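I have placed the structure first, in the form of C-alpha cells, so that the comments after it can refer back to it.
Computed from a predicted model, the values in this text were never measured in an experiment. Excluded from the calculations below are hydrogen atoms, water molecules and symmetry mates; all remaining heavy atoms, backbone and side chain alike, are included.
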Amino acid sequence: MPADKPSFFVIDDDSILRTLIRGILTDAGLEHAGSASTGEEGIQGCQDKVPDLVLLDINLPGSDGIDVLATLRQLRKPPKVIMVSAEATLPRVKAATALGVDGFIVKPFSAGKLIEAVENALRY
C-alpha cells in the first residue's frame with residue numbers, strides 16, 4: 001500500500017457488506033472516506049470527499065453501477081474503481097472494462113482477495 005494512507009468510498013446497497021468492506025480496508029491501513037447505498041448518493045459523496053478508490057456494486061437502486069462508473073470517470077479527479085458484484089456476467093464485465101474499471105471482485109470474496117484487488121488498483 002502507498003505510505004500516505006489512501007482513502008476509499010463504498011457504494012453498495014447492502015449495509016452489511018459496506019460495513020464488512022470498511023472494516024477490512026481500515027484494518028489494512030486505508031482511510032474510510034464514506035459510504036452510500038445508492039448510486040446518486042455515492043456520486044455526491046465522491047464529489048464531496050474525493051476518495052482515491054471507490055468500491056462499487058453493479059446492481060444498485062436507481063442508477064446502475066455501470067452508469068455510476070461512467071459518471072465517476074468524468075469527475076475532475078476520478079478515483080480508482082473496483083466493481084464488487086455477484087453479477088460477473090461477460091456483458092457487465094465488458095461494459096466496466098470499456099469504462100476503464102481498475103478491478104473486479106466477485107461476491108462472495110475473502111478479505112485477502114479484497115486487499116489484493118485494492119493493492120493492485122492503487123499501484124497503478
### Query
What are the two closest non-hydrogen atoms of L75 and C46, and how far apart are they?
CD1-CB, 4.2 Å
#### Entry: Heavy-atom closest pair, residues A36 and G42
CB-N, 3.4 Å
## Note on the structure
The reported gap from CG in L90 to NZ in K94 (rounded to nearest 0.5 angstrom) is 4.5 Å
### Query
Is any side-chain heavy atom of P79 closer than 4.5 Å to a side-chain heavy atom of D52?
no
### Task
Compare every heavy atom of V68 with every heavy atom of S63, then report the nearest pair and how far apart it is.
CB-CG2, 3.8 Å
### Message
Could you see if L72 belongs to whatever hydrophobic cluster contains V101? Use Ile, Leu, Val, Met, Phe, Trp, Tyr and a side-chain cutoff under 4.5 Å.
### Response
yes
### Message
Do I82 and F8 have side chains that approach each other closer than 4.5 Å (heavy atoms only, starting at C-beta)?
### Response
no
### Query
Would K107 and D57 pass as an ion pair if we require N to O under 4.0 Å?
yes
### Message
Could you tell me if the side chain of P61 sits less than 4.5 Å from the side chain of S37, heavy atoms only?
### Response
no
### Message
Side-chain heavy atoms nearer than 4.5 Å, only ILVMFWY residues, links allowed to pass through others: does that put V10 and I115 together?
### Response
yes
### Message
Do L122 and L30 make a side-chain contact, defined as non-hydrogen atoms from C-beta onward lying under 4.5 Å apart?
### Response
yes
### Task
Could you state whether I21 and L56 fall into the same hydrophobic cluster, counting links through intermediate Ile, Leu, Val, Met, Phe, Trp or Tyr residues with side-chain heavy atoms under 4.5 angstrom apart?
no
#### Entry: Test side-chain contact (heavy atoms from CB on, under 4.5 Å) applied to V106 and S85, step by step
CA-CA 5 Å; V106 179; S85 184; over 6 Å; no
### Query
Between the main-chain N or O of I11 and the side-chain N or O of R18, is there a donor-acceptor pair closer than 3.5 Å?
no
### CG-CZ distance between L55 and R22, expressed to the nearest 0.5 angstrom
13.0 Å
### Query
Hey, does the side chain of R73 reach the backbone of P78 with a donor-acceptor pair shorter than 3.5 angstrom?
no
### Verdict with reasoning, R92 to I66, per side-chain contact (heavy atoms from CB on, under 4.5 Å)
CA-CA 8 Å; R92 295 292 209 157; I66 299 296; 3.7 Å; yes
### Message
Return the OG1 to CD distance between T71 and Q44, rounded to the nearest 0.5 Å.
### Response
12.0 Å
#### Entry: Nearest non-hydrogen partners of F9 and A33, listed with the distance
CD1-C, 4.1 Å
### Message
According to side chain to side chain donor-acceptor pair (under 3.5 Å), who are the partners of D14, at least two apart in sequence or on a separate chain?
### Response
none
### Query
With side chains defined as the heavy atoms from C-beta onward, is the minimum distance between S7 and H32 less than 4.5 Å?
no
### Query
Does any non-hydrogen side-chain atom of T38 lie less than 4.5 Å from one of D13?
no
### Task
For the pair R123 and D102, find out whether any cationic side-chain nitrogen is under 4.0 Å from an anionic carboxylate oxygen.
no
#### Entry: side-chain contact (heavy atoms from CB on, under 4.5 Å) evaluation trace for T26 with E31
CA-CA 6 Å; T26 54; E31 183 176 326; over 6 Å; no
### Query
Given side chains that start at C-beta, do those of M83 and I105 come closer than 4.5 Å, heavy atoms only?
no
### Query
Does one hydrophobic cluster hold both V93 and L60, with members joined at side-chain heavy-atom distances below 4.5 Å?
yes
### Query
Does any non-hydrogen side-chain atom of L17 lie less than 4.5 Å from one of F109?
yes
### Message
Could you see if V84 belongs to whatever hydrophobic cluster contains V118? Use Ile, Leu, Val, Met, Phe, Trp, Tyr and a side-chain cutoff under 4.5 Å.
### Response
yes
### Query
Measuring from I58:CD1 to D12:CG, what's the distance to the nearest 0.5 Å?
11.0 Å
### Task
Any chance you could lay out the side-chain contact (heavy atoms from CB on, under 4.5 Å) test for L25 and L114, step after step, and finish with the verdict?
CA-CA 8 Å; L25 294 183; L114 177 63; 4.1 Å; yes
### Task
Please check if atom NZ in K113 has more than 12 non-hydrogen atoms from other residues, nucleotides or ligands closer than 6.0 Å.
no
